[in-house]
Amino acid sequence: MPKENSVIHMGFDDTDSPNAMCTTFLAYKIVNYLKKEMVEFLDYPYLIRFNPNIPWKTRGNGAVALSIKTKNPEKIKKNVKQLVKKYSDTKGGANPGLVFYEKNSIPNNFSEFSNLALWRLINRNHAKRFAKKNNLETLSLGNGQGLVGAIGAIGYKFEDHTFELLSYRKKSKIGKKRKIDKQSVKKMQEKTYPITFNSFDHKKNRVLITPHGPDPVFYGLRGEKIDSLLDASKMIQTNERLDGYMAFKTNQGTGDHLRNEIDVNELKPYTSGTIVGTISKKPIMLRGGHVIFSLSKLGKEILCAVYEPTKITSTALNLIVGDKIRVGGGIRKATKNYQRILNVEFLEIINLEKDKRLENPSCKKCNKKMKSKGQNQGFQCVKCKKKLPKKIVHNIPRKLTQKMYLPAITAHRHLTRPIQRMKRVNKEEKFDTTISWCHQYRN
Ligand SMILES: [Zn+2]
């Protein structure tokens, strides 16, 4: 009797370190292996970014999930484990986690776990207990922190998504300077934006798709549709012979970590989310160009910091007491000098207070500012000697408008929802098996 096909959902995370490797590259290796085993893929690979404001994240706190159907689950699992061991940088401080779940559908408690990992700090022991309770087969190396993302990636449910097409370098090229034709990237963006995004910084004339570290990624193209990304990648010119590419369905660019409201009574460190409040102290600029201000909500004062690289510091500096705003970001734990701070990732102005200032009155006849006669002595026109008793209220025009202020593209995080995506939601699409979403070049 032929064996039934079994479904395997696998998730893995935290295989990279700041110095080497990359969880998506491991995924590329695994998919190429799975292709040889003739498994049936049930969806695109998922690249899920979790809470970027936790202290021990790897570069982007990104985990990968794959769903397949196979006749040889035991063999597949054994070999995937080998690949995870081989391509994890445990010596460099990675704490890989790998999980397998062999059921057709994913239970709701997996999505609940995943949702929490988007904006909170989740303890690895919590993940270990979850795995045990739900019959997950696991492999964890180092301290096993990677289990959190591995489970989260399997449980993730898309409400919106984007794609990223990552191209990978040949082994001999890893660590060497990436040479890419700048004009071709610029042109590609001009032709394909906003279906592709965050590829080129026009203001700084800079390519944004190439990382700078020693990892195997040559470039990453972001966009709304997988076929558009494949077309766009053909416009990018380089002399380097690449190993191949793989496209991921991802929550990048969805603002996923900032969907919930932060509990201001708790203000738990490493929590991400939003707060609506009123400016309670005049913003000040610190050395280094960072701006801090206080926001009041429910009688609590929350210190907020806007960092210089975001380039929205002048916006923050123009806020005045009484302005109602919504900020999104992560809570930084207290330091020697500061209480807990919200590191601002976006700033939306809901209501602007009138900027009223007292000024000496003007003489209407002579169109001149009057001079003070001394304390409580009133004011007088130097020309016609007309007198007026007190200062007048003057409305200073505000330099801000009721809108969303986002950081400069160069300060965007993976999850930052770019301005052109503010009202866009990509609905669930069917997995298109005719698309070449993963390919290894034969050269
Ligand atoms: Zn006068």
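These figures come from a predicted structure and were not determined experimentally. One-based numbering, in listed order, for ligands and for the atoms of each.
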* Would you call Lys430 and Asp432 a salt bridge, taking side-chain N to carboxylate O under 4.0 Å as the test? -> no
* Does the pair Glu240/Lys176 count as a salt bridge with the N-to-O cut at 4.0 Å? ->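 Between Lys176 and Glu240 there is no salt bridge, as every charged N stays at least 4.0 Å from the carboxylate O atoms.
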* Under 2.8 Å from the Zn ion (ligand 1), the protein N, O or S atoms, given as residue and atom ->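 Checking every protein N, O and S atom gives Cys363 SG, Cys366 SG, Cys381 SG, Cys384 SG.
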* Counting distance only, does the side-chain N/O of Asn360 pair as donor-acceptor with the main-chain N or O of Lys371 below 3.5 Å? -> no
* Asked: By salt bridge (charged side-chain N to carboxylate O under 4.0 Å, His left out), which residues pair with Lys191, not counting sequence neighbours?
  ->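 Salt bridge (charged side-chain N to carboxylate O under 4.0 Å, His left out) list for Lys191, sorted by chain: empty.
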* Would you check if the distance from the ring center of Phe110 to the ring center of Phe130 is below 6.0 Å? => yes
* Ring center gap for His161 and Tyr46 short of 6.0 angstrom -> no
